[in-house]
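Read through the structure below, which is laid out as structure tokens, and then see the notes.
Keep in mind that this is a model prediction, so the values were computed, not measured. Note: hydrogens, waters and symmetry copies are ignored here, and every other heavy atom, side chains too, is used.
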Amino acid sequence: MAEGIVGSLILQIASSFTSEADKSLWSCCVEEASMLASVKDDMEDINNELKMIQAVLRKIDPFIADDAPAAVWMEEVRNAAYDIEDIIDEFTYFLTGERHRGFLSKTIHLPKNIYARHGVARRMKKIKGTIKEISERRKRYDFWVSEQGSSSSDTKNRPEDITPFFQNDIDVVGMNDEKEGLISWLTDENVKRMEISVCGMGGVGKTTLVAQVYKSEQIVNDFQWRAWVTISKTYNKDDVLRQIIKELLHEKKDVTPQDIDGMDLRRLDLRRLAEKLREILENKRYLIVLDDVWDDKLWSAIHHVFPDNTSKRRIIFTTRDGEIASSLASSNHVLNIQPLKPERAWELFCSIAFRGYPERMCPQELCDSAKAIVDRCDGLPLAIVTLGGLLYSKHSVEEWGSILKSLNDLLNNDDSVRERVSNILMFSFHDLPYYLKNCFLYCSVFPEDYLIGRKRITRLWIAEGFVEVKEEKTMEEVADEYLHKLILKNMLIVAGTNTWGRLRTCRMHDVVREVAISISKNQNFFMRLETRSPSDKSRRLSIDRVNNTNGMAPLGKMTHLRSLLVFTTRISDQKHFNINETLRFRLLRVLDLQGAHIEGKLDVVGDLINLRFLSLRYTDVSVLPKSFKKLHNLQTLDFAYSKVDELPSWVSKLPSLRHLLIFQSRWTSKKGPGDIWVSKELQTLKCINSNSEVVRQVGYLTQLRTFEIGEVRDSDGIELCASIKKMRFLHKLSVLGEGPLELRPLGLETLDPPPLLQKLNLSGRLQRLPRGLSSLANLRELSLISSKLSEDPLPFLKSLPNLVCLVLSHDAYDGEELCFQVNAFPSLKVLSLDRLSQLSQITIEERTMQSLKELILTYCSELKRLPQGIEHLTTLQELRMSRMSEELLERMRGQGVDFQKISHIPKVHHARYNINGERKVEMLS
């Protein structure tokens with residue numbers, strides 16, 4: 001852990017010498033007080049000494065260090081690193097503050113500032129001496145250093161495989177009998193209602209098994225409504241019901257997140273939530289999974305909410321406690337999950353550790369070590385896949401032998417299986433490269449089973465200084481590589497991907513998170529706010545819930561705090577957060593108040609001039625105060641879904657700003673300043689209102705990767721096309737026309753999109769498709785909305801080699817026929833035809849769309865027959881329809897004339913809504 005802290009500190013010192021913002025600070029400092037010129041020299045000396053210390057830390061065996069003088073030495077290193085970090089941040093704080101003071105203010109504060117700077121210089125000299133003494137002490141005591149050590153090597157010459165064992169769509173190794181037994185209980189038509197418990201210790205694979213069954217085609221087709229909710233140790237009944245409702249609605253793919261947000265479930269009390277849930281599930285076949293239940297009180301409190309007047313009701317509980325499992329299950333429907341048998345454990349291990357080998361077979365020279373390592377895991381899948389992920393990056397017999405020896409030393413005197421798993425996870429943590437250790441621990445800041453967004457976590461890592469600068473790569477790209485490596489090593493689990501398979505969300509296995517929290521507490525890396533005050537030495541603090549009547553527990557001084565994150569789920573959780581609490585945290589880098597109800601004047605945040613990440617998403621904030629213009633280090637400013645309607649002009653002058661998130665929904669944008677072009681470091685801008693000045697000047701934002709603009713007028717189209725062409729790194733582009741959806745002319749016919757573009761959304765009328773569209777070799781997702789094209793766009797788009805998702809919506813095409821020609825759309829997996837009011841015929845030729853998985857037809861009222869040639873789509877897994885003509889449906893039902901044409905498609909269904917807005921689903925295959 002000390003290695004991770006030192007590594008992060010080295011990155012920060014290097015950054016302070018190279019970034020343009022900090023260069024100007026140093027220059028300003030020397031001009032005003034030459035006595036501080038030596039501070040920079042001292043920092044360089046400290047940095048060089050730290051690099052030597054870091055080299056030693058990488059070789060010290062972490063488990064021998066636990067009972068050796070090295071442990072004391074490592075503690076000294078960690079404390080010294082924290083002290084240096086404080087000095088650097090305080091120095092930055094003073095210097096940045098100087099830039100915002102006028103001449104008179106500087107004169108008044110001069111004695112105080114010189115004194116403060118003297119203090120910084122004096123402390124820097126002192127810590128320089130401490131670091132040298134620490135280095136000398138290591139030499140005097142000659143700490144044991146392994147020959148191989150923890151190599152922390154990166155994966156080399158291996159295929160890019162981001163699928164860990166615990167991702168839900170991978171086969172369950174060694175649990176086929178349990179899987180079949182669970183499916184038979186769920187599909188038993190002779191039992192109307194059933195409660196099932198799946199029991200086993202943490203890490204044995206019970207959640208993975210249930211997830212496999214939950215997502216299986218047989219179960220998806222058998223139940224109209226499904227929901228999966230993970231129960232935390234400190235659950236709240238309201239939150240559980242709220243989450244079940246959300247999950248049920250999310251399963252219905254024609255219900256958008258905006259629809260769910262519009263219900264504002266946070267404002268419903270327990271009674272109204274119960275009524276809403278009963279309304280949804282009445283007379284339905286439904287399956288509810290309550291994952292990781294810790295007691296039987298929850299079910300006792302909410303069981304009456306679930307209606308019995310249904311043809312089939314199934315509730316599955318997963319729990320670690322056998323007594324709880326028995327008390328919750330009906331008629332002995334308890335499935336006890338046992339550790340894997342040796343042959344199955346070996347099969348699982350090989351599938352992880354030898355992903356880069358032919359048929360995932362263990363090489364002969366590694367067999368002895370590999371089998372001995374698997375034996376140490378006692379058949380627990382979590383331990384097996386964690387060690388498999390660790391060893392996946394090892395390449396020699398010597399490395400494998402070293403791992404085995406260290407494991408034996410660690411586990412020989414350990415009789416507790418639970419402790420053995422924890423120690424194996426600890427072992428894997430220590431093997432991580434130094435630059436991944438802090439990143440991994442930071443993920444434990446999020447609540448249990450929280451879905452961590454890829455962009456959010458990588459931006460937080462960057463704000464904390466965990467990500468190094470590499471030539472020809474942005475820090476965001478480097479951070480993505482870090483995240484990928486943590487997944488490859490099975491330290492994080494893939495939770496969600498986009499249409500072309502890119503990671504969107506991940507999470508921590510609960511046992512892995514427990515280990516991370518244990519490390520974090522011991523090292524003062526992170527603490528959760530509980531009933532007592534957290535340690536004043538904690539560097540990071542998360543507030544999971546703020547709902548006691550006396551407000552938050554006292555925060556104490558916490559002058560070392562670098563990150564403060566608030567996680568709320570209910571309106572009642574939010575009303576006690578006072579923004580004035582942040583006044584004492586002047587060294588904060590991260591302030592994430594997503595969803596919090598903020599009391600006090602937001603102006604105080606402007607004094608947090610070391611701040612790099614600020615989120616006011618889903619808050620009631622309506623105005624950004626002028627004091628924010630002092631946040632010269634701010635990299636991410638997120639006030640999406642807030643009440644801010646206009647972007648102040650000073651925002652564009654924040655020199656370090658990289659990500660500006662101001663969107664409200666898919667169809668709205670917000671007014672921005674005319675001089676947004678000043679923000680030359682900007683990579684993300686979504687979503688800003690268009691005007692002639694904005695359209696012209698966004699062309700200066702040449703570093704943009706994501707750009708969304710709304711209210712685009714036809715007259716600005718040519719200028720906007722010229723600006724977009726300059727954004728040569730652009731990956732995602734969304735352009736929304738001015739006025740109502742059906743009247744939005746875009747004027748983008750001359751658009752020549754940048755070649756790296758992966759996702760394009762055009763919402764508004766087009767005379768014809770942009771001329772450069774057909775040449776986008778990297779395009780993965782294309783949405784054309786309300787384009788009013790009179791000519792079939794498919795021949796123009798058919799050769800896009802990597803297009804995975806195509807959406808034509810709201811009369812994007814005004815013609816009557818679409819033809820998918822032979823060899824067209826070779827990579828297409830999802831096709832959505834929505835609200836094409838004139839469309840009456842679809843022709844699908846042979847050998848077209850040979851990768852298609854999902855076809856969506858909605859609100860195409862003139863389409864009376866199935867697409868001609870749909871039987872050629874042999875890869876199609878789902879045909880999803882909504883509000884289609886009755887004539888088309890009759891041809892598909894029972895023994896209708898088109899019934900055989902869809903017999904090869906596993907899932908065909910049609911959704912309609914009654915007069916009360918209730919959704920009814922008809923399964924047609």
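Using modelled atom types and a 3.5 Å distance limit, the side chains of Asp222 and Thr187 yield no donor-acceptor pair. A donor and an acceptor atom, one from each side chain of Tyr641 and Thr619, are nowhere located under 3.5 Å apart. With hydrogens and angles left out, the side-chain atoms of Thr318 and Asp292 include no donor and acceptor closer than 3.5 Å. For the residue pair Glu878 and His909, a side-chain donor N or O sits within less than 3.5 Å of a side-chain acceptor on the partner.
The existence of a salt bridge linking Glu922 and Arg883 is excluded, since no basic side-chain nitrogen approaches an acidic carboxylate oxygen closer than 4.0 Å. Looking at Arg459 and Asp638, no side-chain N of the basic residue comes within less than 4.0 Å of a carboxylate O on the acidic one, giving no salt bridge.
Checked against a 6.0 Å centroid threshold, the rings of Trp299 and Phe306 count as neighbours. When ring centroids are compared, Phe223 and Tyr286 stay outside the 6.0 Å threshold. Between Phe567 and Tyr450, a ring centre-to-centre spacing shorter than 6.0 Å is recorded.
Taking the ring axis of Tyr442 as reference, the NZ or CZ atom of Arg540 does not stay both within 45° of it and closer than 6.0 Å to the ring centre.
Between the Ser330 side chain and the Glu195 main chain, a donor and an acceptor come within less than 3.5 Å of each other. Not one N or O on the side chain of Asn332 forms a donor-acceptor pair closer than 3.5 Å with the backbone of Val334. Under the 3.5 Å distance criterion, the side-chain polar atoms of Arg513 are matched with a main-chain donor or acceptor of Phe446. Checking side-chain atoms of Lys206 against main-chain N and O of Gly200 turns up a donor-acceptor pair under 3.5 Å. With hydrogens and angles disregarded, a donor-acceptor distance shorter than 3.5 Å links the side chain of Tyr214 to the backbone of Ala227. Within the 3.5 Å criterion, the main-chain N or O of Gly496 finds a donor-acceptor partner in the side chain of Thr505. Distance alone, capped at 3.5 Å, places no donor-acceptor pair between the Ser444 side chain and the Phe440 backbone. Formation of a donor-acceptor pair under 3.5 Å by the Ser197 side chain with backbone atoms of Ala325 is found in this model.
Shown here for Val621 and Ser642, the closest heavy-atom pair between the two residues is O-CB, 3.8 Å. Scanning all heavy atoms of the two residues, the minimum distance from Trp228 to Glu247 falls at O-CG, 3.3 Å.
The CZ atom of Arg504 lies 15.5 Å from the CD1 atom of Ile452; values are rounded to the nearest 0.5 Å.
Screening Leu268, Leu273, Val229 for a side chain to side chain contact (heavy atoms under 4.5 Å, CB included) with Ile245, the sole residue that qualifies is Leu273. No option in Asn336, Leu335, Ile183 other than Leu335 meets the side chain to side chain contact (heavy atoms under 4.5 Å, CB included) test with Glu178.
By the 4.5 Å heavy-atom criterion applied to side chains, Ile579 and Leu593 are counted as neighbours. Contact annotation: the side chain of Leu298 approaches that of Ile302 to within less than 4.5 Å [non-hydrogen atoms, C-beta and beyond].
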